[in-house]
Amino acid sequence: MRTHTCGELRRDSVGKRVRLSGWVESVRDHGGVIFVDLRDRYGVTQVIFDPEDSRETWDKAQRLRSQHVVAVAGVVERRPPEMENPKLATGEIEVRCDRLELLNASLTPPFPLEARDPARVSEELRLTYRYLDLRRASMQRILQARHRVALSVRSYLDRMGFIEVETPILGKSTPEGARDYLVPSRILPGTFFALPQAPQQYKQLLMVAGVDRYFQLARCFRDEDLRADRQPEFTQIDIEMSFVSVADVIAVVDGLLAELFRELNVPAPEIPLPRLTYQQAMDRYGSDHPDLRYGLEIVDLTNIFADSTFQVFRRAVAAGQVVRALNARGLGQTPLRVLDEWTEVARKAGLAGLAYIRIAGTGEWKSPILKYLSDGEKEALAQRAGIQAGDLVLFAADDRAVVSKALGELRRLAAKEAGLIDPDRHALVWITEFPLFERDEAGRLTAVHHPFTAPLEEDLPHLESEPLRVRSQSYDIVMDGVELGGGSIRIHQRALQERIFALMGVDRQRGEARFGHLLTALEYGAPPHGGIALGFDRLLMLLLGAESIRDVIAFPKTQKAVDLMMGAPAPVDDLQLRELHIRLDVPRLSP
RNA sequence: GGGGGCGUAGCUCAAUUGGUUAGAGUACCAGACUGUCGAUCUGGGUGUUGCGGGUUCGAGUCCCGUCGUCCCCGCCA
């Protein structure tokens, strides 16, 4: 049906007889000559219909409408001088058409599909007619970019000796972690498979199997509420390696990311990527996923205010708390209205209030707390925070964690307010040595990463005595303030795994019931191993500058986890339910 | 589970304090036009103001409920 695509004809094809197929993008009917832009995935070519070439074909061309699918035949011609279109790759030529076949008509599309900056159409409509939305050039570019990145992932990891192994979609529910999507078993009534939240246990078992270097572009499922960067099903670049340390995993991922940036012609970050420990990140940026596209570091002032005449600070220091500040450069003119909002943010983060000093353009300091500060304190403060005219200094005095949380949030707000974020720049950073445990609402120890994460060797002695102090051999990769992925070196010995379970309140019996297969496997020569999972969709979203994860997924779901195009989820036949031995207990929908 | 935004023509939006026959651009339809490429010109409004109820002489506008969608908090080992 075609000899060429709509994106490939150039000057060197002039004189050739060609056939093209594609969608009518626009029709410009001059009464005599008719111009039609024909589009396919590869580009746009102008087709010209002239009544003097073929009256019959010209008649048919008059009836062409947007999005009709046609096949045309004709001769490639150089466009007359002054009639070339530099905006088109094929703009030097056109196809003089003498035969036209309407392959399929199209209804008028429910929204404009033309490439020229269309007014933003509601996403609801785009998702309902996703097959039309995807036909748009900008979405075609995203689909192609996604494909190229996937290919690069496979090619890079293959070169590094990894092999891709598929793991089951029908797996087993484990109560830890996110809510599972369940699939009932017909053959064993009353039992359910769970769709994988991640292939975590399978990939560890593949290490026991001696696969040595595994990867998978793995579909994962989590039944939790959605966000702009969260879908119920998403894709991970899942990696696991044997006989490695933290540095080995990080090196592989550094190389992978650099390659993916290059593939999309996004300015690549220098590798090795910078690293911060969890504690450094919290102290300096107030976040375990800091955005390093801008500075605004938190400075510690605790020792400066140990004997301050300002009671609020002195008492905090005396109570073992910290006093820290953020110098929001150039925000000295921030209106009090905004500072009131920020005070509310600080309160929600746990601070009693928010003290601040605004430095005028003249260099004059203005603040309600100024009268409590000695000249020496001011001088020390000015030096440590690098205060200049026009700055805004925000103070926090409380427990270390509370101060970090508050100043971390204020840091983000200040960067936004000051317009410090350049959307064309990217900043990547590794965050390492996360705590192994944290306490949940009920006061129980739970794993920060997951329960298979290995503790740092040097912290093992206080595993039982001070479990919250124990750091783990874990690492997150953070891009532009977004958590891209995370991983760890895993526990490969049963005894240590059982100690961890015990601390988490998982007794021997329950541990055996839930993770018996894994524990047993550890006893059959499990090699030391570790790995990582990267959010493939999130990575694409950041690399392509997309506004939401939905833009880089062909058929995404809405915030209520609904597929508007397919109408899924949907009720099923009673017969299907009977076969599965499932009876519904659904609250009646309101009348 | 909670907080917030949005919902008017196919699409993107407007409509004064609650007030006459709900408008604009674009798309679409018809006609004209032989070099356009956001073609141009002339003409045409194609509407359950998401849905249901209420207040009112009168509701796109106010109130209650409901549905959909988006953003956020909780949640996401």
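Lettering of chains follows the sequences in order, A, B, ..., and the numbering in each one begins at 1.
Without hydrogens or angle criteria, A:Arg179 side chain to A:Asp223 main chain gives a donor-acceptor distance under 3.5 Å. Proximity of a side-chain donor or acceptor of A:Arg550 to a complementary backbone N or O of A:Ala228 within less than 3.5 Å is not detected.
Nucleotide B:rU36 holds its P atom 4 Å from the CE atom of A:Met83, rounded to whole Å. Atom NZ of A:Lys560 is separated from atom P of B:rC67 by 7 Å (rounded to the nearest Å). Summarising the geometry, the separation between CD on A:Glu82 and P on B:rC37 is reported as 14 Å, rounded to the nearest angstrom. The CG-C1' distance, from A:Asp180 to B:rC76, rounds to 12 Å in whole Å. The nearest whole Å value for the distance from the CG atom in A:Asp440 to the C1' atom in B:rC76 is 15 Å. For the pair A:Leu226 CG and B:rG68 P, the computed distance is 15 Å after rounding to whole Å. Distance CZ (A:Arg65) to C1' (B:rA30): 10 Å, rounded to an integer number of Å. The interatomic distance linking A:Leu125 (CG) with B:rC13 (C1') rounds to 15 Å, in whole Å.
Residue A:Arg227 places a side-chain atom within donor-acceptor reach of the base of B:rG74, judged by atom type and a 3.5 Å distance cut-off alone. Contact of A:Arg79 with B:rU36 (side chain to base): a donor-acceptor pair of N or O atoms is detected under 3.5 Å. No hydrogens or angles were tested; on distance alone, a donor-acceptor pair under 3.5 Å links the side chain of A:Arg96 to the base of B:rG35. The base of B:rG35 does not come close enough to the side chain of A:Glu84 for any donor and acceptor atom to sit less than 3.5 Å apart.
Of the listed nucleotides (B:rG35, B:rC75, B:rC37), B:rC75 has the atom at the smallest distance from the side chain of A:Arg230. Comparing atom distances between the A:Thr108 side chain and each of B:rA39, B:rC28, B:rC70 picks out B:rC28 as nearest. In the set B:rG38, B:rC37, B:rG35, the nucleotide with an atom closest to the side chain of A:Lys87 is B:rG38. Closest to the side chain of A:Arg28, from the set B:rG35, B:rU36, B:rC70, is B:rU36. Comparing atom distances between the A:Pro110 side chain and each of B:rG10, B:rC76, B:rC70 picks out B:rG10 as nearest. Listed nucleotides: B:rC28, B:rU12, B:rC70. Nearest to the side chain of A:Ser66: B:rC28.
Of the residues in residues 31-44 of chain A, those placing a heavy atom less than 4.0 Å from an atom of RNA chain B are A:Gly31, A:Gly32, A:Val33, A:Phe35, A:Asp37, in numerical order. Heavy-atom distances under 4.0 Å link RNA chain B to no residue of residues 494-512 of chain A.
Between A:Ala447 and A:Arg550, it is A:Arg550 whose nearest contact on RNA chain B lies nearer the 5' terminus. If you find the closest nucleotide of RNA chain B to A:Glu547 and to A:Val448, the one lying nearer the 5' end belongs to A:Glu547.
Within the shown strands, B:rU42 is the pairing partner of B:rA30 under the Watson-Crick or G-U definition, both distances less than 3.5 Å. With a cut-off of 3.5 Å on both pairing distances, B:rA59 has no Watson-Crick or G-U wobble partner at all. The base-pairing partner of B:rG65, taking Watson-Crick or G-U wobble contacts with both distances under 3.5 Å, is B:rC51. Both distances falling under 3.5 Å, in either a Watson-Crick or a G-U wobble arrangement, occur for no nucleotide opposite B:rU21.
Applying the salt bridge (Lys or Arg N to Asp or Glu O under 4.0 Å) test to every pair with at least one member in residues 476-487 of chain A, sequence neighbours left out, gives these pairs: A:Arg293-A:Asp480. Every pair passing ring-ring contact (aromatic ring centres under 6.0 Å, His included) that includes a residue from residues 32-70 of chain A is listed here, sequence neighbours excluded: A:His30-A:Phe35.
Ion pairing between A:Glu233 and A:Lys557 holds under the 4.0 Å rule for side-chain N and carboxylate O. We find that A:Arg494 and A:Glu512 are joined by a salt bridge, their nearest charged nitrogen and carboxylate oxygen being less than 4.0 Å apart. Electrostatic pairing of A:Arg79 and A:Glu92 does not count as a salt bridge here, judged by no charged N lying under 4.0 Å from a carboxylate O.
Within the 4.0 angstrom heavy-atom criterion, no nucleotide atom of any strand lies near A:Thr446. Within 4.0 Å of A:Glu52, counting heavy atoms only, lies at least one base atom of the nucleic acid. Counting any heavy atom pair closer than 4.0 Å across all strands shown, A:Thr453 reaches no nucleic acid atom. If you check every strand for non-hydrogen atoms under 4.0 Å, A:Glu123 touches sugar and phosphate atoms only. As judged by a 4.0 angstrom heavy-atom cut-off over every strand, A:Glu124 is placed among residues touching the sugar-phosphate backbone only. Residue A:Asp29 is in base contact, counting any heavy-atom pair closer than 4.0 Å across all strands shown.
The gap from the C1' atom of B:rA59 to that of B:rG54 amounts to 11 Å, rounded to the nearest Å. Of the P atoms belonging to B:rC33 and B:rU42, the separation is 16 Å, rounded to the nearest Å. As rounded to the nearest Å, B:rA14 and B:rC6 have P atoms that lie 10 Å from one another. The same atom, C1', is picked in B:rU56 and in B:rU17; the two are 15 Å apart, to the nearest Å. Between B:rC64 and B:rU55, the distance separating the two P atoms is 15 Å to the nearest Å. Taking atom C1' in both B:rG35 and B:rG50, the straight-line distance is 46 Å, to the nearest Å. Taking atom P in both B:rG1 and B:rC28, the straight-line distance is 44 Å, to the nearest Å.
Contact check for A:Thr5 versus A:Thr45: no side-chain heavy atoms found under the 4.5 Å cut-off.
If you take OG1 on A:Thr57 and CZ on A:Arg99, they are separated by 8.5 Å, rounding to the nearest 0.5 Å.
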Between A:Glu52 and A:Val33, does the side chain to side chain contact (heavy atoms under 4.5 Å, CB included) criterion hold? Intermediate values first, please.
CA-CA 9 Å; A:Glu52 289 170 21; A:Val33 68; over 6 Å; no

Ring pair (Phe, Tyr, Trp, His ring centres under 6.0 Å), that's the test. Do A:Phe515 and A:Phe452 meet it? Break it down for me.
CA-CA 10 Å; A:Phe515 303 111; A:Phe452 317 117; 5.5 Å; yes

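Taking the 5.5 Å centre cut-off and the 30° plane limit, the aromatic side chain of A:His30 is not classed as stacked on B:rG35.
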Check residues 198-208 of chain A and write down every donor-acceptor pair under 3.5 Å in which the side-chain atom is one partner and the other belongs to a residue at least two apart or another chain.
from	atom 1	to	atom 2	distance (Å)
A:Gln200	NE2	A:Gln204	OE1	2.8
A:Gln200	NE2	A:His450	NE2	3.3
A:Gln201	OE1	A:His517	NE2	2.6
A:Lys203	NZ	A:Asp238	OD1	2.7
A:Lys203	NZ	A:Ile239	O	3.2
A:Lys203	NZ	A:Glu240	OE1	3.3
A:Lys203	NZ	A:Ile532	O	3.4
A:Gln204	NE2	A:His529	NE2	3.2

Only pairs under 3.5 Å count here: list side-chain donor-acceptor contacts from residues 562-569 of chain A, not counting sequence neighbours, and write none if there are none.
from	atom 1	to	atom 2	distance (Å)
A:Asp563	OD1	A:Met565	N	2.9
A:Asp563	OD1	A:Met566	N	3.0

